[in-house]
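Every value quoted in this text rests on a predicted model; they were computed, and no experiment measured them. Order of the sequence lines fixes the chain letters, A, B, ..., with proteins taken first and strands second; residue numbering starts at 1 for each chain.
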Number of protein chains: 2
Amino acid sequence: MRNNTSNTESQILASAEKLFIEKGFKGTSTTAIAKDAGCNQALVHYYFRTKENLFQKVFLGKFKQLFEQIKVPLERETDFFSKLENMVDVYFNFMIQNPKIPYFIFNELITNPRRRKQLRELFMQKPHQDDVYHQFCASVEKAISQGVIRDIEPLDLLMDVGSLVVFSFLMAPIITDFLDLDQSHLTDFVDHRKREALTLLFQGLRV
Amino acid sequence: MRNNTSNTESQILASAEKLFIEKGFKGTSTTAIAKDAGCNQALVHYYFRTKENLFQKVFLGKFKQLFEQIKVPLERETDFFSKLENMVDVYFNFMIQNPKIPYFIFNELITNPRRRKQLRELFMQKPHQDDVYHQFCASVEKAISQGVIRDIEPLDLLMDVGSLVVFSFLMAPIITDFLDLDQSHLTDFVDHRKREALTLLFQGLRV
DNA sequence: GTCTATAGGCGGATAGAC
DNA sequence: GTCTATCCGCCTATAGAC
C-alpha cells in the first residue's frame, strides 16, 4: 500500500503543525503556513479546503500522540507505587520533549466547545479506549483494598498527577522570564519539580 | 477629588474587560467592544488610542485584583496547617467567583512575552510586593525548623498548591463536557477537588 | 465628546490559466 | 497540481463634521 500523500501536502501539514502549535488557530494565517511550506496560499486550500479542516487534522493527530503516551503507564501491571513513579516519569519526559503540546491541546479544549465535542465523539467511536481508564480504576481500587494506598477516587488520583505534571510546564515560560533563568536552569527547575511531585504523591497517598 | 472618568469611558472599559476575558485579545475586536458598550467604534480609540493600550489596562487591573487575593493568606500569621488550609480555601473561592480570570491571565502570560516583561517591571517598581513572598518563605522555613512540616522549598510549596487549585479550574469546562455534567454537578466536582487537594497537601507535607 | 465615513491592510476562500 | 489574480469581508486607526 503506497503512500498517496504528496510531498507538498505533507509539507503543508508539517508547517501547519509547527505554526498552529506555536501561535494557535487565530494566530496563524493560511498565508503564513504557505510561506513556511514554500508554496502559495491557494495550495493550502486546494489540499485542505478550509483552515478549520486543516487545524482539525493537526489537533486530532497531536491529541492521539499524547494519548498514546498517557496510556502506557496506566496499563502496565506492577506494584502501585512503581506505576505512580512510571506515570510521573513518562509524563514529564513527554513534556520535556514536546513542551508546547500540552498548552496547545489545553488551550483549544478550553476555548473551543466544538473541539471538546469532536474529542468526545472520537471516544464514543472507539469505546475500547475507555478500557484504559477502567483498567486504571481497577488497579487503584485493588491497591486501596490491599492497603497499599489510602482511600481515593481514581479520577482524583489522575487529576493529582496531572495537576503536578502539567502545571509545572505551563509555568515554565513564566518562571523563566520572572527569575531570569537560562535554558539549563530551566531544565533543573523542571527536574526539581519532578522530584517534588513524586515526594508529595508518594507521601500523600500512604494510608 | 471627583471622578474624572466619564460614563462612556468606564462603560467601554467594562465591555472590554468582559469580552477580553471571554474571547482573548485576538478574539475581540474594537467594533465588538463598541457595540457592547453602546457606542461607536471610533470612541474606543478616542479614549484608549489603541486596542493594545486598552488591553493592557484590563490585564494589569485583573492581575492586581488576583494578586491582592493571593497575598492575604500568605501574610497571615497562624500555625502552618491553618495557613495552608486558608490558602486553598481563599484560592478556590476566588476561582469559583471568577472562573475565567485564571485562564485569562495564564493565557496572556504564556503566549505573550511582552506581557511577562510588563509584569516584571510592575514588580520592580514596587519591590515591597516582594515582601509578601519573603514573608511566606520565612514562615515556611520556620515551620520546617519547628518540625511541623517536612523539608521543602517555599517555591515548591507554592507550586504544589497552585497546581492543585488552578488545574481543577482549567479542567472544569473539559470535565463538564466529557462527563455531561450540569452546573450543580460541576460545583460538586470542584468542591470535591478542594477536599482532595487539602488531604494530599496535609498528608504530603507531614514529616 | 460623539458621530459618520473612509483609508489601508490582512484575512480566508475561489476562479481560472497553465 | 501549481500558479496568479481577485473577491469580499473584517479589522484597526484616523480624519473631519457637528
Flag for [Y]-[X]: side-chain donor and acceptor within less than 3.5 Å:
X	Y	result
B:His134	B:Asp131	no
A:Asp182	A:His185	yes
B:Thr31	B:Gln41	no

query: Taking the six-membered ring for Trp, are A:Phe106 and B:Phe167 ring centroids under 6.0 Å apart?
result: yes

task: Flag the pair B:Tyr133 / B:Phe67 as yes when their ring centroid distance falls below 6.0 Å, and as no otherwise.
output: no

query: Mind checking what makes salt bridge (charged side-chain N to carboxylate O under 4.0 Å, His left out) contact with A:Arg76, not counting sequence neighbours?
result: none

task: Measure the acute angle between the ring planes of A:Phe178 and B:Phe123, then classify it against the limits of 30° and 60° as parallel, tilted or perpendicular.
output: perpendicular

task: Please state whether the rings of A:Phe25 and A:Phe20 are parallel, tilted or perpendicular, taking 30° and 60° as the class boundaries.
output: parallel

task: Check each residue of residues 22-51 of chain B for a non-hydrogen atom within less than 4.0 Å of any atom in DNA chain C, then write out the ones that pass by number, or none.
output: B:Cys39, B:Asn40, B:Ala42, B:Leu43, B:Tyr46, B:Tyr47

- request: Take the protein atom CG of B:Asn53 and the nucleotide atom C1' of D:dT14, then report the distance between them rounded to whole Å.
  value: 16 Å

query: Between which nucleotides of DNA chain C, 5' to 3', does chain B make heavy-atom contacts below 4.0 Å?
result: C:dG1 to C:dT4

